[in-house]
There are 2 protein chains.
Amino acid sequence: MKATMKDVAKLAGVGLGSVSRVINNVPVKESTAAKVKAAIKELNYEADIYARGLKTNKTYTVALILPTIWHPFFAEFAYYVETELEERNYKLLLCNSDGRPEKEYEYIQMVRQNKVDGIIGITYSDIDQYISSSLPFVSIDRYFTEDVIYVTTDNVEGGRLAARELFKRGAKHVAFVGGHQETPNETKNRRKCFQLEAERLGLECEVLDLLEPIEDLQSDIEKFLLEYPTIDGIFTITDLAALDAIHVINKLGKKVPEDIQVIGFDGLKMTKEAQYVVSTIAQPVEDMARTAVSLLLNVVEGKEAPSRTVLPAAFKEGATTKKLENREE
Amino acid sequence: MKATMKDVAKLAGVGLGSVSRVINNVPVKESTAAKVKAAIKELNYEADIYARGLKTNKTYTVALILPTIWHPFFAEFAYYVETELEERNYKLLLCNSDGRPEKEYEYIQMVRQNKVDGIIGITYSDIDQYISSSLPFVSIDRYFTEDVIYVTTDNVEGGRLAARELFKRGAKHVAFVGGHQETPNETKNRRKCFQLEAERLGLECEVLDLLEPIEDLQSDIEKFLLEYPTIDGIFTITDLAALDAIHVINKLGKKVPEDIQVIGFDGLKMTKEAQYVVSTIAQPVEDMARTAVSLLLNVVEGKEAPSRTVLPAAFKEGATTKKLENREE
DNA sequence: CTGTTAGCGCTTTCAA
DNA sequence: TTGAAAGCGCTAACAG
């Protein structure tokens with residue numbers, strides 16, 4: 001059967017305490033350390049996490065709650081969260097909430113059960129009531145209350161950026177296409193600030209902002225584009241919505257980016273090595289993930305952490321906007 | 001501080017055992033059950049997983065080892081694994097191995113540390129030596145030894161299917177495009193059986209099968225297509241490779257599917273709701289995930305499980321093959 | 001049916 | 001520097 005610390009102690013001819021010390025890097029006489037290490041190797045001993053946790057109340061595990069891992073944006077985020085946790089010797093417990101609050105709540109309970117030390121969550125449902133300030137929780141893209149820590153992309157600047165990039169590329173009549181939910185979240189600024197900036201730049205600006213869940217975005221876009229045939233630049237709330245828009249544009253016999261330029265939001269790539277799916281206002285996903293992990297582990301370790309972190313968005317050129325002559329960067 | 005079972009027992013005026021029984025659904029007198037439940041609610045009590053695990057040696061957690069979650073195929077697989085585990089009250093610990101054997105090994109150790117009950121792994125590195133038959137491990141797409149359980153898609157039939165679908169759509173000169181690794185794995189059958197079937201059908205068949213890692217697949221494909229200008233149907237080893245092929249084809253001024261039809265392998269969709277990225281031989285990802293979980297949990301629970309499970313592949317039409325008149329399905 | 005009790009494997013005083 | 005011993009919070013066997 002599995003070797004225990006007792007077995008190791010007996011084989012090494014030392015006390016239980018010494019074995020524990022060696023394992024936890026507490027200084028011991030070199031000769032005893034050697035004996036213990038030899039015994040550990042011989043018995044192929046591995047410490048039982050449960051017994052240890054019972055004493056230490058630490059799990060070195062963090063839960064990540066996402067709507068679904070089956071989405072390139074969340075997958076990228078999860079990738080970087082896991083990578084960063086790994087570097088700090090933590091493990092990642094993954095939860096696809098599918099938007100179900102019960103499931104999110106279940107994971108929140110786990111920190112009380114000592115199953116995880118804390119939670120990083122991208123959640124759009126109303127779990128405010130369960131998120132207390134005493135719970136080690138970092139929210140992404142969603143503001144709860146004063147004392148719940150969150151990190152987000154600069155959606156304000158992101159929206160403006162989209163308007164400016166379209167303007168620089170000669171668009172005259174732009175549009176925002178997207179959806180929104182009842183719950184307040186940061187993404188609403190994408191529309192608002194795009195619109196403001198477009199108007200400031202003297203562009204005509206239309207808005208198609210549906211309430212989610214959206215039945216059939218493509219046909220809504222089709223009607224919209226038919227209604228405003230002079231639109232030559234579109235900013236969509238996400239890259240996936242941009243794909244829908246492009247599909248409709250092609251169906252209507254127009255070309256991207258020649259007739260209509262499209263800029264999405266998120267910075268989607270199917271894999272690390274791939275190209276951007278569309279021209280996009282990219283979220284600094286890696287930075288967001290690292291920041292979220294840092295903040296969370298600070299809280300877990302009892303340190304202070306700022307409650308609001310806003311990270312910059314950046315335009316990334318894909319194949320859905322025209323090339324600029326005087327390339328900057 | 002956190003309430004313990006003792007606190008609950010005291011408050012309810014019963015013994016420790018009764019509390020434990022209530023929690024574990026062992027029949028007790030209704031009146032005691034009520035008292036206990038009331039106390040639990042009042043104290044907001046949650047059982048400590050660690051203390052319980054120390055006794056039971058169960059974690060109800062399974063590790064999933066993938067090359068990277070940031071890839072639509074692995075993300076989809078992970079999605080279904082988590083969903084199935086959730087239904088069985090298990091949790092998922094996620095590991096991006098990035099192909100590093102040390103990291104894979106670390107997770108294998110966790111089984112011995114009681115951190116996880118078992119492992120589902122998609123791994124292409126040489127960790128055979130650590131995978132013993134006593135380790136609850138289910139391998140995907142990769143054969144280790146006789147007694148390591150694995151589940152895979154029917155790559156043999158998949159390859160044939162691709163040849164047949166191209167043939168049905170009028171292709172005369174087909175090609176396989178892909179890469180392979182030193183380690184033996186099931187995917188090699190995709191090329192082999194495609195080639196055999198194409199020849200059987202009387203199609204001319206070229207092969208571009210590079211050794212991974214591949215520096216620049218697109219330029220290799222470009223050379224290849226320039227060398228064989230009459231190719232009118234391509235089967236790629238993955239959907240992602242198909243995307244590369246399409247890119248090259250367009251660059252060469254030809255059209256997909258009019259001039260060259262392309263069929264990939266995997267059945268990639270960016271999200272659950274999205275369209276197939278290309279016409280494809282789809283792996284039954286959901287079925288694979290459910291099967292893998294079933295097999296693993298059987299082993300974890302000490303039951304027997306078949307060591308080889310092969311699941312059927314199926315052709316899924318995307319936009320990169322011609323529509324057939326007499327649609328079957 | 002229920003209270004008491006003996007550990008599970010480890011960490012951490014406390015003496016020595 | 002170290003061994004012995006006392007729990008951590010829970011489950012399960014046992015006696016009532």
Practice task
Would you tell me whether A:Asp141 and A:Thr152 have side-chain atoms, one donor and one acceptor, within less than 3.5 Å of each other?
Solution key: yes
Problem - Qualifying salt bridge (Lys or Arg N to Asp or Glu O under 4.0 Å) pairs, either residue in residues 25-44 of chain A, two or more places apart - result: none
Exercise for the section: Answer yes or no: are there more than 12 heavy-atom neighbours, outside A:Glu182 itself, under 6.0 Å from its atom CD? Expected result: no
Practice task
Give a yes-or-no answer on whether the side chains of B:Tyr79 and B:Lys272 include a donor-acceptor pair shorter than 3.5 Å.
Solution key: yes
Exercise for the section: Output all residues satisfying side-chain contact (heavy atoms from CB on, under 4.5 Å) with B:Ser18, sequence neighbours left out; order by chain, then residue number. Expected result: B:Val14, B:Arg21
Practice task
May I ask you to check whether A:Tyr80 and B:Asn96 show a side-chain donor-acceptor distance below 3.5 Å?
Solution key: no
Problem - For DNA chain D, the residues among residues 6-13 of chain B that have a non-hydrogen atom under 4.0 Å from it - result: none
Problem - Inter- and intrachain pairs under ring-ring contact (aromatic ring centres under 6.0 Å, His included), touching residues 109-135 of chain B, at least two apart - result: B:Tyr105-B:Tyr130
Problem - Summary of salt bridge (Lys or Arg N to Asp or Glu O under 4.0 Å) pairs that have at least one residue in residues 83-92 of chain A, sequence neighbours excluded - result: A:Glu84-A:Arg88, A:Glu84-A:Arg290, A:Glu86-B:Lys103, A:Glu87-A:Arg290, A:Lys91-B:Glu106
Problem - A:Trp70 side-chain N/O to B:Lys269 backbone N/O, donor-acceptor pair under 3.5 Å - result: yes
Practice task
With sequence neighbours excluded, tell me which residues meet side-chain contact (heavy atoms from CB on, under 4.5 Å) with B:Arg308.
Solution key: B:Tyr150, B:Glu186, B:Val310
Fill in the blank from the handout: ring-ring contact (aromatic ring centres under 6.0 Å, His included) pairs touching residues 285-307 of chain B, sequence neighbours excluded, are none
Problem - Close residues, residues 29-42 of chain A, relative to DNA chain D [heavy-atom separation under 4.0 Å] - result: A:Lys29, A:Thr32
Handout entry: Closest-nucleotide 5' rank along DNA chain C - winner of B:Ser18 and B:Asn57
Key = B:Ser18
Handout entry: Boundaries of the chain A footprint along DNA chain C (any atom under 4.0 Å from a heavy atom)
Key = C:dG9 to C:dT13
Handout entry: Per-nucleotide protein contact string for nucleotides 11-16 of chain D (B base, S sugar-phosphate only, - none; heavy atom under 4.0 Å)
Key = BBB---
Problem - Of A:Val14 and B:Glu46, the one whose closest DNA chain D nucleotide lies more 5' - result: A:Val14
Exercise for the section: Provide the full list of ring-ring contact (aromatic ring centres under 6.0 Å, His included) pairs with a residue in residues 17-55 of chain B, sequence neighbours left out, each pair given once. Expected result: A:Tyr50-B:Tyr50
Completion exercise
Taken in chain and number order and not counting sequence neighbours, the residues that satisfy salt bridge (Lys or Arg N to Asp or Glu O under 4.0 Å) with A:Asp117 are A:Lys58
